[in-house]
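One structure below.
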Amino acid sequence: MAEAQKYLPGMPDEEMEHEAVTLDPRLEREAERIAEALVFASAQPVSETYIASRLPRGADLGRIMSRLKALYAQRGVNLVQIADHWAFRTAADLSFVVQTDEQEVKKLSRAALEVLAIIAYHQPVTRAEIEDIRGVQTSKGTLDVLMEAGWVRFRGRRRTPGRPVTFGTTRDFLDQFGLEEIRDLPGIEELKGAGLLSGRVPSNLLIPVPASEDELSENEDPITQMDLEELGLLTPKAEEDD
Amino acid sequence: MAEAQKYLPGMPDEEMEHEAVTLDPRLEREAERIAEALVFASAQPVSETYIASRLPRGADLGRIMSRLKALYAQRGVNLVQIADHWAFRTAADLSFVVQTDEQEVKKLSRAALEVLAIIAYHQPVTRAEIEDIRGVQTSKGTLDVLMEAGWVRFRGRRRTPGRPVTFGTTRDFLDQFGLEEIRDLPGIEELKGAGLLSGRVPSNLLIPVPASEDELSENEDPITQMDLEELGLLTPKAEEDD
Amino acid sequence: MEPLWQEEAADRGLHEEALVVDLAGFEGPLDLLLHLARSQRVDLSRISVLALAEQYIAFIERVRSIRIELAADYLVMAAWLAYLKSRLLLPQQAKDEGPSGEEMASALAFRLKRLEAMRDAATRLVNRNRLGRDVFPRGAPEHIVAEKRSGYDASLYDLLTAYASLRQRQAITQVTIEKRHVWSLSDARLILARMIGSLDDWTALDHFLLRYMTSPKERATAIASSFAASLEMVREGRLEIRQEGAFAPIYLRRGPKPIDAATLAEMEAARG
């Protein structure tokens with residue numbers, strides 16, 4: 001409570017005077033209102049660069065944003081950070097009331113979801129590496145669907161022979177799954193610790209890997225419509241960690 | 001100030017106890033959060049009837065809304081009442097922040113995307129070559145849009161009869177599309193692998209490795225100031241579409 | 001965790017009793033192996049790779065015995081596992097090259113663990129609070145932030161799809177143009193009709209078609225269409241045809257009712 005109270009709206013600013021104040025308190029407060037208005041007015045995350053360009057000279061963006069974030073933390077609408085962008089989003093615990101008519105969430109096939117997870121945790125990652133992890137070739141309608149959704153993008157090229165193209169996730173991906181940054185991916189530290197993200201198989205790779213032709217093999221998963229629930233992908237339940 | 005303080009978020013609710021409390025303070029606070037989230041997420045002003053239908057039983061809508069209104073009154077965003085509907089609006093004194101920037105982001109047309117992609121892959125490329133690849137004439141407007149966006153530039157002139165102007169991409173182009181260098185554009189195998197080209201690609205389809213955007217190729221001459229004038233490129237208005 | 005995967009096993013059509021096998025539910029050999037490994041009901045780092053190899057091979061044999069066609073990948077994996085099994089069972093020879101059976105087994109275990117970890121990660125990811133399902137943006141945004149100087153918006157994906165589909169479209173158009181080189185029956189008939197005036201004596205079909213064959217690629221279609229057209233014209237009495245034996249040259253000459261100039265003109269006109 002005390003913490004929240006510190007950042008109350010309409011609070012006299014004298015309370016913050018012990019902090020390094022670079023701006024006149026009135027200007028500081030104005031800067032806060034501007035940042036709030038800018039982010040609140042947009043449905044898309046707004047970049048810090050952009051916000052900063054609109055603030056009075058001398059305003060401390062970092063302090064302003066973290067103050068606003070704390071201020072909204074307990075409210076029905078929260079201020080969230082997405083990489084170096086900011087956005088207002090309804091509080092997750094209110095999802096039961098705030099149902100819009102159009103359910104905009106994209107349904108992903110099991111294969112697409114798996115590829116998305118691999119890209120997120122292993123990025124930058126090449127297609128060959130994705131296929132190595134999954135043990136099957138990537139079918140059409142997997143990577144392109146993820147790119148179309150705006151969650152996955154071509155990142156660049158690996159500096160190895162052949163210079164293969166690498167894939168990574170986007171800011172929209174973070175926004176979609178409520179992540180501030182990639183390091184917030186669930187369990188990523190444990191996976192790294194267990195060596196499961198290194199891509200380096202302890203021994204050599206004699207294990208058959210999928211042939212490299214581009215045509216789909218018939219055994220590629222056509223589950224697109226299959227219910228994720230049936231596959232246990234929507235019931236996380238007790239199943240924590242590995 | 002005192003007025004605002006009374007309705008602060010995260011305030012202990014005991015302070016309101018002198019009011020006619022019909023709800024447990026925690027539920028009351030929840031009701032406030034719900035109303036806030038509902039109005040925030042709605043595309044239109046939300047009717048009181050609708051908000052009331054979503055609130056916990058016994059919640060006093062009138063009191064909740066006026067509390068929220070007071071809470072936001074001093075902020076960058078205000079809660080406003082329009083007849084019996086509610087909406088969030090940028091505070092009137094801050095409208096300049098939101099409006100100064102009315103340069104709307106336009107989507108590139110399909111034709112422009114195609115021309116841009118051809119220039120990226122086939123650079124240095126002449127207008128005639130672009131038309132040959134697309135199989136249709138390219139209006140001058142399309143190239144103008146790309147030049148105006150700062151993604152396409154004149155590279156030089158081809159050392160062939162007529163000395164046609166060659167086009168190439170710019171550094172801004174790389175920035176926009178998140179590429180480190182032009183050679184990072186995916187090749188034919190990679191487009192196939194990502195599902196952007198279907199598996200049945202005719203054998204006559206070749207995708208060039210784009211030439212570096214900085215150096216002129218052997219059969220290109222640099223563009224001179226004189227060329228630009230001669231081409232009428234410094235007075236773009238005269239020349240209208242084809 | 002167990003009920004979850006049992007359920008999945010049922011969905012995937014892996015019923016022991018009924019011997020109904022639906023491999024379409026599996027995403028390749030590694031997926032099948034992971035499934036089998038789970039049925040050992042131990043932590044993946046403690047699975048018996050030997051037992052797993054045996055299970056897999058047995059499974060593949062059973063599937064083949066009921067004559068279900070298997071993708072080659074499954075058979076390759078079976079062969080590899082058979083090899084692995086032999087390496088695990090035979091004592092390591094001093095001069096053996098390559099990895100030991102244990103190394104191979106641990107590599108396999110690693111891959112299974114990694115795949116499982118990614119499956120779990122996918123599950124956790126999809127169950128997070130999703131934008132548009134659990135969490136919502138401002139419903140009535142008041143501005144769109146134009147951060148790019150260009151004023152235009154396009155993603156690399158847009159650019160590449162536009163390019164890929166353009167190139168594909170254009171390439172296909174070119175293929176269609178190529179198809180015009182196929183001789184239709186009426187093409188062939190017209191050509192034969194034109195030639196007939198000069199055919200007093202037997203002439204090989206190949207010989208008089210030569211002047212029409214601009215490229216060797218057309219040879220097959222020209223001969224096929226002319227031959228079919230010539231049969232029709234023989235029936236009408238316009239042509240006579242003769243062949244000494246199978247694969248011998250085909251000879252043509254004018255028939256009892258040759259095409260007159262007027263009919264030929266009509267045919268030319270009809271073809272435009």
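Sequence lines set the chain letters: A, B, ... in the order given, protein chains first and strands last, and positions in each chain run from 1.
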* To do: Using the salt bridge (charged side-chain N to carboxylate O under 4.0 Å, His left out) rule, take A:R110 and C:D31 through it: C-alpha gap first, then chi angles, then the decisive distance, then the call.
  => CA-CA 12 Å; A:R110 190 174 87 121; C:D31 186 24; 3.4 Å; yes
* Which bit of A:Y121 is near chain C, if near means a heavy-atom gap under 4.5 Å: side chain, backbone, both or neither? -> side chain
* Asked: Can you name the salt bridge (Lys or Arg N to Asp or Glu O under 4.0 Å) partners of C:R138, sequence neighbours left out?
  -> C:E142
* Asked: Under the criterion side chain to side chain donor-acceptor pair (under 3.5 Å), which of C:R128, C:R133, C:R130 is the partner of A:Q176?
  -> C:R130
* **side chain to side chain contact (heavy atoms under 4.5 Å, CB included) between A:L197 and C:M118, intermediate numbers included** => CA-CA 9 Å; A:L197 299 184; C:M118 284 301 109; 3.7 Å; yes
* Could you have a look at C:L160, C:T161, C:D134, C:L33 and say which one has the most heavy-atom pairs with chain A under 4.5 angstrom? => C:D134
* Structure fact -> Correct closest heavy-atom pair for A:F154 and C:L156 would be CB-CD2, 3.8 Å
* For C:P137 against A:A43, the heavy-atom pair lying closest together -> CB-O, 3.8 Å
* Side chains of C:Y157 and A:E148: does their closest heavy-atom pair fall under 4.5 Å? -> yes
* To do: Please flag which part of A:L185 lies under 4.5 Å from any non-hydrogen atom of chain C: side chain, backbone, both or neither.
  => side chain
* Structure fact -> Sequence neighbours excluded, the answer for salt bridge (Lys or Arg N to Asp or Glu O under 4.0 Å) partners of C:D158 is B:K107
* Between C:N129 and A:R89, does a side chain to side chain contact (heavy atoms under 4.5 Å, CB included) hold up when you go through it step by step? -> CA-CA 11 Å; C:N129 289 322; A:R89 302 284 180 245; over 6 Å; no
* Asked: Side chain, backbone, both or neither: which part of A:F40 has a non-hydrogen atom closer than 4.5 Å to chain C?
  -> both
* Supply the atom-to-atom distance C:S155 OG to A:M147 CE, rounded to the nearest 0.5 angstrom. => 10.0 Å
* Asked: Can you find a heavy atom in the side chain of A:L94 that is under 4.5 Å from one in the side chain of C:F136?
  -> no
* Asked: Which answer fits A:A87, side chain, backbone, both or neither, if we ask what part of it has an atom under 4.5 Å from a heavy atom of chain C?
  -> neither
* To do: With rounding to the nearest 0.5 Å, note down the distance linking CZ in C:R119 to CG in A:L113.
  => 10.5 Å
* Asked: Atom CD1 of A:I82 and atom CG of C:L131: how far apart are they, to the nearest 0.5 Å?
  -> 8.0 Å
* If you take all heavy atoms of C:R124 and A:P186, which pair is closest and at what distance? -> NH1-CB, 3.7 Å
* Heavy-atom side-chain contact between A:D132 and C:R114 under 4.5 Å -> yes
* Which residue out of C:L115, C:L81, C:L125 racks up the most heavy-atom pairs below 4.5 Å with chain A? -> C:L125
* Asked: Checking heavy atoms, do the side chain of A:A91, its backbone, both or neither come under 4.5 Å from chain C?
  -> backbone
